[in-house]
Amino acid sequence: MPEKPYNHEEIELKLSAEWAANPMLYRAADDGSKPRYYVLEMLPYPSGRLHMGHVRNYSIGDTLARYMWMKGYDVLHPMGWDAFGLPAENAAIKNKMHPGEWTVSNIAHMKKQLMRLGFAYDWDREISTCEPDYYRWNQWLFLRMYEKGLAYRKSSLVNWCPECSTVLANEQVVDGCCWRHETTPVEQRELDQWFLRITAYADQLLEDMEQLEAGWPAQVLTMQRNWIGRSEGAEVDFTLAGTEQKIRVFTTRIDTIYGATCVILAPEHPLSRQLCAGELAPRLKAMVDDQARKDPEQLVKEGFFTGHHAANPFNGAQVPIWVGNFVLWGYGTGAIMAVPAHDERDFEFCTKYGIPIAPVIRPADGALPESPAEAFTGDGVMENSGEWSGLTSEEGRRRMAERAEAQGFGKAAITYRLKDWGVSRQRYWGTPIPMIHCAACGIQPVPDDQLPVVLPRDVEFTGRGQSPLAKLESFVKCACPKCGGAARRETDTMDTFVDSSWYFFRYVDPRNAEKPFEPAVVNPWFPVDQYIGGVTHAIMHLLYSRFWCKVMRDIGLVSVDEPFGNLFTQGMVQLHGQTMSKSKGNIVDPDEMVVKYGADTCRLFTLFAAPPEKNMDWNESSVEGQYRFLSRLFRWVSRNQDAGGGDGSTDARALRKLHQTIRKVTADFDNRWHFNTSIAALMELMNELQASESGLSAGARRECCEKLVLLLAPFAPFAAEDLWAGLGHAGPVFKQPWPECDEELAREEMLEIPVQVNGKLRGKIAVPHGAAQAEIEAAAQAEPNVQTHTEGKAIVKLIVVPGKMVNIVVR
RNA sequence: GCCCGGGUGGCGAAAUGGCAGACGCAGCGGACUUAAAAUCCGCUGGUGAGUAAUCACCGUGUGGGUUCGAGUCCCACCCCGGGCACCA
């Protein structure tokens, strides 16, 4: 048969239309007849167009999914849209387009792009988180959390632009100012907001990481551990002078408490307001607002004396109470005892303001310094600490915490860096929080049978004042579910991390109208066999999903502790060493490459450029090489698939290379997904086939064609499918069995073994397989160039590494 | 500052204690062509020696170490990227 030119456009357009028309093609059988395998890629935010980060992420996932199909698994490979979020609302303000419309049209475009790239998704499972069918279950789950006391309301601070008189998201604050009013500094306002009690699961989130050790990157686990930030210490009450009011502080160094020379409050601490009621009030407000605008890089420690004192519970000493901008309201108790002699930050602060420094710990092998030049932060022996003097730090901590508890002024305590998850957003484009405020009955949950609380469409977007929902009377006005009286609906919407915390469960039972999903249907697929996404989501998204999974487990919906058994974090796609982002205007769109070279080439190119876990710098210059390879392969198969035979003189070497390639590519899939080397191996095979083409027998020719196409199938699905049909086969190529390496055929006849003298390569010998050690030694010493380097010298040692290397050590 | 990654030809990279630079890009030379494109073949880390096949020396950020043998392991340092950043 004459060779066919590689026409990527014709092949890909024809096949993508066929695939789109066949919804069963990528459907999981889900009948238990084959082992299940769930491949999950992080769902995209429908920003408008795919970028190369998406293409990379989904190329990796799709390649794996197709391989697993060929390995005989029942593969679940879904896709959806993280469709709520601020950009849609910003676009609405700017373009007078409804966020829903904007989102829907973006999804339509991006879906077309994904299909054009040939990704094998079961589109019948498609989820869009902005659909009431989906977000009603956000609401339902929120209500379950509320019932369990996991969703609660508390006052907290938000960014506020006085010019727009509206709440700003963190990302709308630029250099401490409003993004739309670059000279208007953001203020902090206190607002009652909804929180999820993720801290109640802090210990489980830490402990269950054991289950993830094998399947998650160590780096991600470390990041999560640090994020949760468990810290053991003690809480102790200082007493406000002249009152019985307690000021509770958290410390990990209760052993240093005799060295506490002041108490410092976070500016947001309620007591700060109380103590600064008079002329200090403006100063306090300025500090609170300033906190929000801080560039944490260059925040200088500042503070002021409140004029009040507090008593140290251990020795009764009166110490001044300060307010300090470096004390965090969100950590511990929001108040600290400052021990400048033994804490670097306290040292800096107290030195700046002339607060005394009182050393109370000496190094085990040293003396207590009189006036230290820096803080001694290590453990040591306690001094100047009353009855505790002479104890080691460690013993002191234990016994002093016990004493505090016995006497009722403190206790041993564990604090987490992790904070409860604030889910309230004063925004329109999100899941309405299903709560009702009744003047008579207080806060009342929306009854389940009234779900979903549907997001109304007829709203106005001004970007000013209250959120669009709060301004819509028809939405706000409602009846109290308890007393039936007039009440007001909650107008906050949920953080979009809620949407992405459980979507992967919904994929398995996506149209269930009775519940979030049917446990019996969903559980067999969990934990997800392979989750793939950017390392940028290593903390928040993955931590929230883990938390959500545990909550769903506790209400009986799922049976696993952890949602994702294996996690793969792909590297970023950068341009000139910089992360691609809209604001930098350096986004690369795949369309151009797909039009010019086709989806297969685009996919090969992204996989070939670097190993998938590494960052890759975008440089298209080598894309030609991928196209050349693919068209070379295509032409080779098309002209050889049923060509007459040669004399068979090159069969052995071609088949050897073929089976070596099968071994190599299979190993890459099973071990580390270095698809760049898999593709390189396919190229090597191609080079060999081209070189041995004329001598191939008809049978060998055919075998090479078939196996080559099968090997190509996970990487370049269009070309492989077309060639597979050309070989006369029916049925999709990605459902064919993955080829197996025949070790007999793959074996080299002779082994080539390098010979070193004193560790330097001096020659090579060829020996048959399974040659005896003595034979190898003799051959090595007989090698001419080896002889010139060993001549006249004594052989001290002769090392033979079977099949690998000979090293002759001479003196 | 702390915690992760990483540093190898002109470029992307390969080599999981055993032949450094597979594979690809770019470059150079050749075949085909009226010519070009496409395609195919060959060369391609540096220095030096040889007519040549070849051979020697140097070479994986820097300096030390372990080892018969180190890009790979250990120690110290430099540089780049990412994450966290006053967490009491």
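Throughout, protein chains are lettered first and strands after them, A, B, ... in sequence-line order, and every chain is numbered starting at 1. Scope of the values below: all heavy atoms of this structure, side chains included, with no hydrogens, waters or symmetry mates. None of these values were measured; they are calculated from a predicted model.
Using C1' as the reference atom, rC23(B) and rG81(B) are 26 Å apart when rounded to the nearest Å. Using C1' as the reference atom, rG42(B) and rG64(B) are 44 Å apart when rounded to the nearest Å. Between the P atoms of rC68(B) and rG10(B), the separation comes to 34 Å (whole Å). Distance check on atom P: rG71(B) versus rA15(B) gives 15 Å, rounded to whole Å. Between rU51(B) and rC55(B), the distance separating the two C1' atoms is 15 Å to the nearest Å. Between rC74(B) and rG18(B), the distance separating the two P atoms is 15 Å to the nearest Å. Across rG9(B) and rG5(B), the matching P atoms stand 23 Å from one another, rounded to whole Å. Nucleotides rG27(B) and rC80(B), compared at atom C1', are 28 Å apart to the nearest Å.
In this structure, L604(A) atom CG and rG12(B) atom P are separated by 20 Å, rounded to whole Å. L607(A) has its CG atom 15 Å from the C1' atom of rA13(B), to the nearest Å. The distance from atom CD of Q690(A) to atom C1' of rC40(B) is 8 Å, rounded to the nearest whole Å. Atoms CG (N615(A)) and P (rG6(B)) sit 11 Å apart, rounded to a whole Å. Across the protein-nucleic acid pair, E613(A) atom CD and rG5(B) atom C1' stand 10 Å apart, rounded to whole Å. In this structure, H789(A) atom NE2 and rC57(B) atom C1' are separated by 11 Å, rounded to whole Å. As a whole-Å value, the separation of M805(A) CE from rU67(B) C1' is 14 Å. Put simply, CG on N226(A) is 14 Å from P on rC2(B), counting in whole angstrom units.
The main-chain N or O of E3(A) is never found under 3.5 Å from a side-chain atom of S638(A) such that the two would form a donor-acceptor pair. Side chain of D600(A) to backbone of A719(A): a donor-acceptor contact under 3.5 angstrom is found.
Here R656(A) pairs with E749(A) in a salt bridge; the nearest charged N to carboxylate O distance falls below 4.0 Å. With salt bridges taken as basic N to acidic carboxylate O contacts below 4.0 Å, none links R398(A) and E232(A). Here E684(A) does not pair with K664(A) in a salt bridge; the nearest charged N to carboxylate O distance is not below 4.0 Å. Between E783(A) and R762(A), no side-chain nitrogen of the basic residue sits less than 4.0 Å from a carboxylate oxygen of the acidic one, so the salt-bridge criterion is not met.
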Classify every nucleotide of nucleotides 42-53 of chain B by which part a protein heavy atom approaches to under 4.0 Å, writing B for the base, S for the sugar-phosphate alone and - for neither, in 5'-to-3' order.
------------

Going 5' to 3' through nucleotides 20-33 of chain B and flagging B where a protein heavy-atom sits under 4.0 Å of the base, S where only the sugar-phosphate is that close, and - otherwise, we get --BBSSS-------

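Nucleic acid contact class of N785(A) (heavy atoms, under 4.0 Å, all strands): sugar-phosphate only. Heavy atoms of V801(A) sit under 4.0 angstrom from at least one base atom.
There is no side-chain donor-acceptor pair under 3.5 Å between W636(A) and Q690(A). In this model, no donor atom of one side chain and acceptor atom of the other lie less than 3.5 Å apart for Y258(A) and N312(A).
Phosphate contact (OP1/OP2 of rA15(B), side-chain N/O of R672(A), threshold under 4.0 Å): present. Regarding contacts with the backbone of rC58(B), a side-chain N or O of K760(A) is found under 4.0 angstrom from either OP1 or OP2. In this structure, R762(A) reaches the rC57(B) phosphate: one of its side-chain N or O atoms is under 4.0 Å from OP1 or OP2.
The side chain of I799(A) has rC68(B) as its nearest neighbour among rC68(B), rA13(B), rU39(B). Picking from rU39(B), rA13(B), rA88(B) the nucleotide with the shortest atom distance to the side chain of T251(A) gives rA88(B). Of the listed nucleotides (rA88(B), rA13(B), rC19(B)), rC19(B) has the atom at the smallest distance from the side chain of E752(A). You'll find that the side chain of K804(A) is closest to rG18(B), out of rG18(B), rA88(B), rA14(B). Closest approach to the V809(A) side chain among rA14(B), rC68(B), rA88(B) is made by rC68(B) (side chain taken as heavy atoms from C-beta onward).
Where I753(A) and L418(A) each meet RNA chain B at their nearest nucleotide, the meeting point lying more 5' is that of I753(A). Nearest-nucleotide positions on RNA chain B for A609(A) and G759(A) put A609(A) closer to the 5' end.
Atom-to-atom distance recorded for L685(A):CG and C704(A):SG is 7.0 Å, nearest 0.5 angstrom.
Paired with R397(A) under the rule side-chain hydrogen bond (donor to acceptor under 3.5 Å, both in side chains), one option of T251(A), T252(A), T256(A), D379(A) passes, and it is D379(A). Checking E693(A), E688(A), E748(A) one by one against R653(A), the salt bridge (charged side-chain N to carboxylate O under 4.0 Å, His left out) holds for a single residue, E688(A).
Annotated as syn: rG9(B), whose O4'-C1'-N torsion sits within 90° of 0.
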Go ahead and write out RNA chain B as dot-bracket, 5' to 3': ( ) for pairs within the strand, [ ] for ones crossing earlier pairs, | when the partner sits on another strand, dots for unpaired; Watson-Crick or G-U wobble, both distances under 3.5 Å.
(((((((..(((.....[....))).(((((.......))))).(((((....)))))..(((((..]....))))))))))))....

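Ring planes of F305(A) and W322(A): tilted class, angle from 30 to 60°. Using cut-offs of 30° and 60° for the angle between ring planes, the F715(A) and F669(A) rings count as tilted. Between F349(A) and F326(A), the ring planes lie tilted relative to each other; the angle falls in the 30° to 60° range.
Below the 3.5 angstrom threshold, one finds no donor paired with an acceptor across the side chain of K797(A) and the base of rC68(B).
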